[in-house]
J.: 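I have a structure here, written as structure tokens, and I will follow up with some questions on it.
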Amino acid sequence: MAEKTYPMTKEGLEKLEKELENLKLVKRPEVVERIKIARSYGDLSENSEYEAAKDEQAFIEGQISTTETMIRYAEIVDNKKIAKNEVALGKSVTFQEVGQKDEETYQIVGTAEADPFSGKISNESPIAQALIGHKVGDKVEIELPVGKIQAKIIKVK
């Protein structure tokens, strides 16, 4: 069975690699040290510091495993073959809801890099799925949880 790939930008892969390095070289040793200290308190059956440190260790190991998988199956997006004015993963798109004055700008990234508060939306989000493949000047219908909206693509970079 083929593994899932994780489409992302080159910057997104570099960020994941730094995160993995921090998890392995900083976070993991910190929690191991906390476990050592908690063990020194004696009886482990009623040691809340030990339990909390073990829980954190399990969480960090899970993060390491997930991050390693995402790096292993990363698929770097190459937009060189896509028209400059076409919306695609890795590009920023500015659009305006029909009948509104405000413009919205998002960079479309893979799910691993998504951070809506920083203007980065997942390629799997309803907005990105509606916009991908369209060009500047196109009007698209975006299906949102609150209903459908019409939007016009203003700029792609």
Side-chain angles (χ1 to χ4, degrees), residues 1-82 86-95 97 102-134 140-149 151 153 156-157:
M1 186 168 96
E3 285 288 330
K4 176 182 177 183
T5 60
Y6 296 90
M8 63 183 72
T9 61
K10 185 177 176 222
E11 295 80 20
L13 178 60
E14 290 169 359
K15 182 180 175 190
L16 276 180
E17 288 169 339
K18 285 179 185 170
E19 182 181 324
L20 180 61
E21 184 177 326
N22 181 56
L23 287 167
K24 285 182 168 182
L25 300 178
V26 177
K27 299 280 187 181
R28 183 187 268 166
E30 283 175 358
V31 79
V32 167
E33 186 61 29
R34 283 187 45 221
I35 290 171
K36 246 195 258 184
I37 291 168
R39 273 192 187 141
S40 71
Y41 296 151
D43 184 12
L44 298 181
S45 64
E46 295 181 20
N47 188 330
S48 62
E49 289 89 356
Y50 177 77
E51 288 301 318
K54 290 297 282 181
D55 288 346
E56 186 177 353
Q57 182 183 39
F59 179 75
I60 288 171
E61 293 303 325
Q63 282 185 305
I64 288 171
S65 176
T66 299
T67 305
E68 285 176 336
T69 299
M70 292 171 98
I71 290 170
R72 184 176 310 118
Y73 296 103
E75 184 179 304
I76 303 302
V77 178
D78 179 16
N79 285 326
K80 291 183 177 112
K81 296 174 184 161
I82 296 173
E86 184 178 337
V87 179
L89 193 130
K91 293 187 176 185
S92 290
V93 59
T94 301
F95 64 92
E97 186 177 343
D102 294 339
E103 294 180 354
E104 295 183 50
T105 301
Y106 295 106
Q107 181 181 11
I108 299 175
V109 296
T111 55
E113 316 174 61
D115 182 3
F117 298 111
S118 297
K120 295 180 176 185
I121 60 171
S122 164
N123 62 315
E124 296 178 6
S125 71
I127 294 173
Q129 287 183 343
L131 295 171
I132 289 174
H134 291 280
V140 296
E141 185 172 272
I142 302 172
E143 180 106 23
L144 299 174
V146 295
K148 294 179 183 180
I149 64 166
I153 300 172
V156 176
K157 53 178 205 179

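One-based numbering along the sequence shown. Given the structure is predicted, the values throughout are model-derived calculations rather than measurements.
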J.: Please report the closest heavy-atom contact between G133 and E86, naming both atoms and the distance.
T.: CA-OE2, 3.6 Å
J.: Quick one: CD on E11 to CD on Q107, what's the gap to the nearest 0.5 Å?
T.: 7.5 Å
J.: As an exercise, state the distance from CZ of R72 to OG1 of T5, rounded to the nearest 0.5 Å.
T.: 14.0 Å
J.: Taking all non-hydrogen atoms of both residues into account, name the closest pair between R28 and I64 and its distance.
T.: NH2-CD1, 3.4 Å
J.: Any side-chain to backbone donor/acceptor pair from K15 onto E113? Under 3.5 Å, distance only.
T.: no
J.: Would you name the heavy atoms of E104 and Y106 that are closest together and state the gap between them?
T.: OE1-OH, 2.9 Å
J.: Around atom CD of E30, are there more than 12 heavy atoms from other residues, nucleotides or ligands closer than 6.0 Å?
T.: yes
J.: Taking S65 for its side chain and E61 for its backbone only, find out whether a donor-acceptor pair lies under 3.5 Å.
T.: no
J.: Got K36 and E33 here, is their nearest side-chain heavy-atom distance under 4.5 Å?
T.: yes
J.: Within this structure, what is the OH-CG distance for the pair Y50 and D55, rounded to the nearest 0.5 Å?
T.: 10.5 Å
J.: Between V77 and T9, is a side-chain contact (heavy atoms from CB on, under 4.5 Å) present by the stated rule, with each step listed?
T.: CA-CA 6 Å; V77 178; T9 61; 5.5 Å; no
J.: What's the shortest heavy-atom distance between A53 and V31, and which atoms?
T.: O-CG2, 3.3 Å
J.: Which distance, rounded to the nearest 0.5 Å, do you find between the CE of M8 and the CG of L13?
T.: 6.0 Å
J.: Only distances under 3.5 Å count here; give the side-chain donor-acceptor pairs of residues 119-129 to other protein atoms, sequence neighbours excluded, each with its distance to 0.1 Å.
T.:
residue : atom : partner : partner atom : Å
S122    : OG   : E124    : N            : 2.9
S125    : OG   : S122    : O            : 2.8
S125    : OG   : A128    : N            : 3.2
Q129    : NE2  : E124    : O            : 3.4

J.: Is a donor on one side and an acceptor on the other found under 3.5 Å between the side chain of S40 and the backbone of I37?
T.: yes
J.: Determine all donor-acceptor pairs shorter than 3.5 Å in which one atom belongs to a side chain in residues 140-149; sequence neighbours excluded.
T.:
residue : atom : partner : partner atom : Å
E141    : OE1  : Q150    : NE2          : 3.1

J.: What distance do T66 atom OG1 and L16 atom CG have between them, rounded to the nearest 0.5 Å?
T.: 10.5 Å
J.: Could you state the interatomic distance from CD1 (I60) to CG (N22), rounded to the nearest 0.5 Å?
T.: 9.5 Å
